[in-house]
Each structure stands twice: as structure tokens, then as C-alpha cells.
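Quick notes on the structure that follows.
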Amino acid sequence: LDNSELVILRNGRIATLQAGAAGLGIIEGGAVVFARGRIVYVGPERDLPLGALVGGEVVDLEGRWVTPGLIDCHTHIVHGGNRAREFEMRLQGATYEEIARAGGGIVSSVKATNALSVEALVQTALPRLDTLLSEGITTVEIKSGYGLSIEGELKMLRAARALEQVRPVRIVTSWLAAHATPVEYKGRNGDYIAEVVIPGLKRAQAEALVDAVDGFCEGIAFSPAEIAQVFDVARELGLPVKLHAEQLSNLGGAKLAASYGALSADHLEYLDEEGVAAMAEAGTVAVLLPGAFYAIHETRKPPVAALRAAGVPMAIATDCNPGTSPLTSLLLTMNMSATLFGLTVEECIAGSTREAARALGLLSETGTIEAGKSADLAIWDVESLAELVYRFGFNPLHSHVFKGQRIAS
Ligand SMILES: O=C(O)CC[C@@H]1NC(=O)NC1=O
Ligand SMILES: [Fe+3]
């Protein structure tokens with residue numbers, strides 16, 4: 001390593017989010033040193049052998065706060081069209097389920113998505129991705145789920161992979177063909193799973209398009225038994241799983257996910273004690289999605305106190321999708337997680353960094369500020385980190401770093 005490759009960020013207040021450290025693992029008067037995209041040192045500046053770093057580029061943070069780069073671990077940002085019309089229907093009293101059963105909902109986004117090419121899907125996703133990245137996000141998970149055919153689902157994941165080539169971001173993809181049953185398979189979930197979901201997943205794996213397998217376990221979507229068929233194949237392929245579970249009812253989806261050692265179970269408004277215990281036992285992360293809770297006028301809140309007491313890791317995410325959460329701000333998601341779900345400031349910050357990395361199986365790579373990990377950092381113009389959660393509709397990002405690449409705001 002040549003010193004000229006070193007970047008030394010000094011005079012900062014570093015929230016390392018290191019597991020095991022008290023609170024946010026804060027280092028006052030701290031420094032972060034990185035080279036070739038990897039963190040080589042984080043700690044008190046006074047412990048830095050500055051003499052040994054001569055030749056490196058020194059950057060004075062002027063006392064600013066530094067967190068790990070933010071992570072949005074649950075999005076559907078690749079999709080065509082929008083569902084503003086359904087938004088108006090919900091304002092007039094229609095429920096999400098009524099709209100779905102009447103042929104709207106996910107199925108209506110399918111038509112708009114399948115009408116677009118990979119390149120058009122990339123172009124329509126970019127404004128949403130750029131808005132997320134403007135808040136210091138360095139990793140985004142993107143699901144399929146609006147193609148509902150083998151080619152349509154593969155096309156969505158190709159678009160997701162293409163986004164990583166045109167922006168400074170790590171993209172993780174999830175196969176969500178088990179999101180809804182397309183009209184041509186109405187009433188034939190089993191056939192859809194056998195003829196589209198599973199063969200498509202094998203194609204996605206063969207083309208290195210998929211990192212994890214997801215599903216929508218709900219009365220208007222797929223039963224635990226149907227999800228299990230998909231998860232069995234994910235296990236054969238060596239792919240981790242995650243699940244939209246207990247969003248509108250309790251089918252035992254979280255318990256099923258935990259039985260497969262799922263990375264995460266997401267939504268969880270209707271999660272019960274049995275599901276909490278199963279997740280705690282399996283180490284499955286609870287991903288809380290306040291945007292969907294808010295947008296569909298849900299009233300039942302996820303059992304945060306029970307999750308906290310059981311030691312279930314909690315992440316938060318935008319769930320950015322055209323139907324239930326057209327939300328493109330992880331900072332607003334933090335505020336909603338605190339105000340609507342009762343998370344603490346520390347839980348909101350951990351939930352959009354360390355725990356979000358855990359929900360993606362990426363904790364060895366990012367999500368905390370530690371030597372050896374990717375140099376993914378967010379630098380903030382705030383007096384205290386509580387301001388990241390307290391404000392809403394305000395973005396105090398000063399600049400951020402992705403794999404050692406420094407990006408001005
Ligand atoms: O309505 C949509 O377009 C997706 C909704 C989204 N998907 C899911 O499984 N739950 C949700 O809230
Ligand atoms: Fe979702």
C-alpha cells in the first residue's frame with residue numbers, strides 16, 4: 001500500500017455502529033482512514049501514527065458526524081407506471097385488499113412494467129434511486145415482482161443489476177415472483193409456482209441475477225405452504241430467503257421464514273409472540289416498513305416492544321413501491337419508525353445501517369465503520385445524530401463515501 005493511496009478523514013465524531021459497542025459506538029475526536037475502497041483504520045485521532053501516514057490525503061471533517069453509509073434493505077424501485085389513481089380510491093374509502101381483489105394493486109403495476117424494456121425500466125427507476133442516494137445511501141436492495149412471468153421477472157432483475165453500473169451504489173437483488181398471481185393463473189397458484197416462479201428462479205440463478213428469494217405470504221397472495229415450495233428450491237440453489245410476512249393478517253409467515261433461517265421477515269404488523277420467538281431463535285431480522293403502514297391507513301403496529309425484549313434485530317426500510325409505499329426517503333422512514341412505531345433514535349440509525357446490512361447478509365462487508373470493511377460512509381451537518389430522526393422533509397447530508405469514492409452532496 002502506497003501512502004499516496006491513503007485518505008485520512010480527521011477531526012470527526014464517528015458513529016461506528018460496531019456490534020457490542022455501547023450505543024452507536026461513538027468515537028469523539030475520531031479518524032477514519034481508507035485506501036483502495038477499504039477502511040484501514042477507525043479510532044481516536046490521537047492514536048493515529050500520523051508520521052506513518054505522510055503522503056496520504058488528509059481531510060478535516062471540521063467536527064462533523066460520520067455514520068456508516070445508509071442502507072435501504074427493502075425496495076421495489078424498479079417498476080413501470082404509478083398507482084396515483086388507487087391512492088385517490090383509498091382516500092374515498094376503498095381498502096388495499098378491495099382494490100387488489102378487484103384486479104388493481106400489484107397486477108396493475110404488472111401491465112405497466114411488462115410494457116417497458118430493460119433500459120426503460122432503468123430510466124424510470126433512476127429518479128427514485130437518485131433521490132435515495134442523495135441521503136447518503138450506499139446499498140439498496142431491489143426486488144422483482146411486477147413481471148409475474150419468467151421473462152418479465154428476469155427483465156426486472158437485469159434492470160436492477162444495470163443500475164449498479166450507472167450509479168455509485170451496491171445493489172442487492174431479490175426474486176419476488178411470488179408477489180401476486182397473474183390474471184392468466186388466477187385461482188391456480190400452484191401452477192404459477194411450478195411453471196413460472198420456480199423455473200424462473202433457476203434461470204435467474206443461472207444468469208447470476210439473484211441474491212436472495214422473497215415472497216408475499218398473505219391471503220391475497222401466497223399461503224405458507226406455497227411459499228415453502230419456493231423456499232425449498234431457494235435452499236437447493238443455496239440462496240438465502242426473506243419474506244413479506246404478517247402485513248395484513250397472521251398466516252404464520254414469519255414463523256415459516258424463521259424455520260428456513262431467513263435473513264429477514266418484513267412488515268410484521270400482525271406478528272404474534274410465537275412468530276417473535278421463532279425469529280429470535282433463528283436470528284431472523286425484523287424489517288419494519290412504516291411507509292406501507294402509513295399509506296394503507298393500517299392501525300395495527302408491529303410488536304416492537306416484544307421484538308426488542310426478545311432481542312430480535314430490527315431494521316427499517318422505505319419499501320419504495322408504487323402501491324403501498326411510494327416513499328423515497330430513508331430519513332423520513334427513520335422519523336416514521338420513531339414516531340409511528342416507537343423505535344428509539346439509536347434503533348432508527350442502527351436499523352438503517354448495521355441491522356439493514358444484517359437483513360441483506362452483508363454485515364461482513366458494510367453497515368458498520370470497521371477496519372477491513374468497505375469504505376461506505378455518510379457525513380452529516382447536524383449538531384447531534386438525533387436530528388437525522390427528528391426532522392422530516394430535511395436532508396442534512398454533507399457528503400458521502402462509497403467504496404472509497406468521495407461524493408459531494
Ligand atoms: O401494491 C404493490 O404494488 C406492492 C405492495 C407491497 N408488496 C407487498 O407484498 N406488500 C406490499 O406492501
Ligand atoms: Fe415490499
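Just so it is clear, the model here is predicted, and its values are computed rather than measured. Whatever order the structure lists ligands and atoms in, that order sets their numbers, starting from 1. Along the sequence shown, the residues carry numbers beginning at 1.
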- Message: Suppose we only count N/O/S atoms under 2.8 Å; would His267 qualify as near the Fe ion (ligand 2)?
- Response: no

- Query: Given Tyr146, which of Leu121, Asn114, Val78, Thr113 fulfils the side-chain contact (heavy atoms from CB on, under 4.5 Å) condition?
  - Reply: Thr113

- Give me the ring orientation class for Phe222 and Tyr192: parallel if the planes are under 30° apart, tilted from 30 to 60°, perpendicular past 60°. parallel

- Would you check if there is a donor-acceptor pair between the side chains of Glu119 and Ser117 at a distance under 3.5 Å? no

- Looking at Glu57 and Arg406, does any basic side-chain N land under 4.0 Å from a carboxylate oxygen? yes

- Item | Ion pair Glu5/Arg36, N-O distance below 4.0 Å | yes

- Query: For the rings on His400 and His398, is their centre-to-centre separation under 6.0 Å?
  - Reply: no

Please tabulate protein-ligand N/O pairs under 3.5 Å for ligand 1, atom names and distances to 0.1 Å.
residue  : atom   : partner : partner atom : Å
ligand 1 : 1 (O)  : Arg83   : NH2          : 2.7
ligand 1 : 1 (O)  : Tyr96   : OH           : 2.6
ligand 1 : 3 (O)  : Arg83   : NH1          : 2.7
ligand 1 : 3 (O)  : Arg83   : NH2          : 3.3
ligand 1 : 3 (O)  : Tyr146  : OH           : 2.7
ligand 1 : 7 (N)  : His179  : NE2          : 2.8
ligand 1 : 9 (O)  : His179  : NE2          : 3.3
ligand 1 : 10 (N) : Gln247  : OE1          : 2.9
ligand 1 : 12 (O) : Gln247  : OE1          : 3.4
ligand 1 : 12 (O) : Gln247  : NE2          : 3.0
ligand 1 : 12 (O) : Thr324  : OG1          : 2.7

- Note on the structure: Answer key: the N, O or S atom of His76 nearest to the Fe ion (ligand 2) is NE2

- Item | Partners passing salt bridge (Lys or Arg N to Asp or Glu O under 4.0 Å) against Arg203 (at least two apart in sequence or in another chain) | Glu151, Glu207

- Task: Specify which N/O/S atom of Asp319 comes nearest to the Fe ion (ligand 2), by atom name.
- Result: OD1

